[in-house]
Amino acid sequence: MKNYERDTLCIHAGYTPKNGQPRVLPIVQSTTYTYESSQEMGDLFDLQAEGFFYTRLGNPTIDAVEKKIAALEGGVGAMCTSSGQAASLMSVLNICTAGQHMVCSSAIYGGTFNLFYKTLKEMGIEVTFVPPTSTLEELRAAMRENTRCVFAETLSNPSLVVTDLETFAQAAHGQGVPLIVDNTFPTPINCRPIEFGADIVVHSTTKYLDGHAVQVGGVIVDSGKFNWDNGKFPALTQPDESYHGVVYTQQFGPAAYIAKARCHLMRDLGAQAAPMNAFLLNLGLETLALRMERHCENAQKVAGYLENDPRISWVNYPGLPSSPYHALAQKYLPRGSSGVVAFGMKGGREAARKFMDSLEMASVVTHVADLRTCVLHPASTTHRQLSEQQLQEAGVPADLIRLSVGIENPGDILADLKQAIDKAAQ
Ligand SMILES: *Cc1c(COP(=O)(O)O)cnc(C)c1O
């Protein structure tokens, strides 16, 4: 794709139909692809030729969406997965195995926290959680000889901490390991973490990238910039005997990481996206830039209103000058952060419950980053498994209400919030 701007890439990247082909990306609902000779098929299996042969490893619809997201993030390649969880897991497993260690910001999505804290630990990968506001020295102190990656969210769900990506990248690179960034909330429209030193970007495409709440999915994007040849990543730089000795860095150059994620992990774990879901995700992506602009405009209005309502005890929105992350947001998220606003009501948990039950238009759902305004109480849902101390460390106080501001008319959103606050404060 030419040097198009992001809003153009949303529409055109990834699929360029030729003469007589469908103008709109078709759904290739086929598990398999035919070849004239078994030799051709064999070459595909040996990674000696490029082409589709089985949808677990690649599919034309999914491929087009992967190319679009890679273009949006400024990476060399991407791989869609069945969910954001699968993307986070595979992004780590691709370079970190039993007996190794990773450093992770404590301000992350509850599902990712459980995945790393429990499941990775059970698989023999140790995780050190560090405060999201750690300095370079503090991050360095958390590193070990066997550390293989650093993980953080650009804008954390639901605590809305803006991570100092350059500091995290510097700490990771000083150790000779990559920085993996979950960029789900800002989307590449508002932030491209690779420009700030991230090496790998992951998303839950279930959220804004789709935006319509019609599919669960994830994606991993490879910046192509990390030098794997420093002795720490033999799985990328030494022969893979399960592919007749292919060496990923030699065969795939800067796309070695994402090639291995597909050829090795997707082959073995099978958490692939469905063609239909990729089609739906692509429809969502076409309007991503427009939607993000409106989400941010609406959220800024809502945050400003909440801040001035005496019945609200606190508001956190990176776009408010009062936010402790405002300066970082101006640097990393100059176009806006996202549609998500976190706040607490005077009256704590009980007031939060009444407020949520009184909403008429906004729905109470286990979802976020949808074009419909929705609301959730993390401490009793997504973060239910966390102890009081873990909640504190994740920046999720028990009274936190996560309001995901949609793209409806801002006057209607505000009116709904006001009437619900009135009822909750009675
Ligand atoms: C939702 C979410 C995930 C998990 O994604 P799923 O698609 O639900 O598996 C990961 N990271 C963040 C920031 C999320 O909001």
Side-chain angles (χ1 to χ4, degrees), residues 62 65 69 73 78-93 104-120 127 129 132 151-163 165 168 180-191 193 198 200-221 269 271-274 277-278 280-281 284-285 288 292 295 318 332-333 337-342 365-371 374-378 381-386 394-396 400 402-405:
I62 300 170
V65 178
I69 296 173
E73 286 287 6
M79 181 178 81
C80 284
T81 58
S82 54
S83 68
Q85 287 297 99
S88 301
L89 173 65
M90 290 165 102
S91 73
V92 173
L93 283 190
C104 184
S105 164
S106 61
I108 50 170
Y109 171 67
T112 314
F113 182 84
N114 289 333
L115 168 65
F116 292 173
Y117 183 78
K118 179 171 166 62
T119 303
L120 281 193
V127 187
F129 289 96
F151 191 102
E153 288 179 11
T154 317
L155 174 65
S156 65
N157 175 9
S159 51
L160 303 180
V161 174
V162 181
T163 303
L165 295 180
F168 271 68
I180 305 174
V181 171
D182 183 334
N183 196 35
T184 297
F185 269 20
T187 82
I189 301 304
N190 287 343
C191 180
I200 308 298
V201 176
V202 298
H203 283 273
S204 166
T205 62
T206 318
K207 314 296 166 54
Y208 287 119
L209 295 193
D210 163 2
H212 298 69
V214 290
Q215 59 93 45
V216 173
V219 71
I220 306 174
V221 183
L269 301 182
Q272 77 278 7
N277 282 2
L280 292 169
L281 171 57
L285 284 167
L288 177 67
M292 288 314 290
H295 277 294
Y332 292 109
L333 305 162
S337 54
S338 78
V340 186
V341 179
V365 290
T366 306
H367 191 47
V368 64
D370 184 23
L371 49 74
C374 56
V375 65
L376 181 82
H377 184 231
T381 53
T382 50
H383 286 60
R384 206 182 174 84
Q385 317 307 334
L386 274 62
V396 187
L400 182 150
R402 184 183 72 187
L403 178 66
S404 175
V405 180

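Note that ligands are numbered from 1 as they come in the structure, with each ligand's atoms numbered from 1 the same way.
The shortest N or O to N or O distance between Val368 and ligand 1 is not under 3.5 Å.
Ser337 places none of its side-chain heavy atoms less than 4.5 Å from the side chain of Leu160.
Here is the list of ligand 1 atoms found below 4.0 Å of a heavy atom in Glu153: 13 (C). In summary, the atoms of ligand 1 found under 4.0 Å from a heavy atom of Lys207, numbered by their order in the structure, are 1 (C), 2 (C), 3 (C), 14 (C), 15 (O). Distances below 4.0 Å separate heavy atoms of Gln85 from the following atoms of ligand 1: 4 (C), 5 (O), 6 (P), 9 (O). In summary, the atoms of ligand 1 found under 4.0 Å from a heavy atom of Thr206, numbered by their order in the structure, are 6 (P), 7 (O).
Nearest heavy-atom pair, Pro378 versus Val396, reported as atom, atom and distance to 0.1 Å: CB-CG1, 3.9 Å. Between Thr187 and Met292, the closest heavy-atom pair is OG1-CG, 3.7 Å.
Protein heavy atom nearest atom 4 (C) of ligand 1, with residue, atom name and distance: Tyr109 CE2, 3.4 Å. Looking only at heavy atoms of the protein, atom 13 (C) of ligand 1 is closest to Asp182 OD2, 3.4 Å.
Heavy atoms of Gly217 approach ligand 1 to within less than 4.0 angstrom.
Side chains of Thr154 and Asn183: a donor-acceptor N/O pair is present below 3.5 angstrom, by distance only.
A donor-acceptor pair under 3.5 Å is formed between the side chain of Thr81 and the backbone N or O of Ser83.
Note on ring orientation: taking the six-membered ring where Trp is involved, the planes of Phe129 and Tyr117 are tilted (angle from 30° to 60°).
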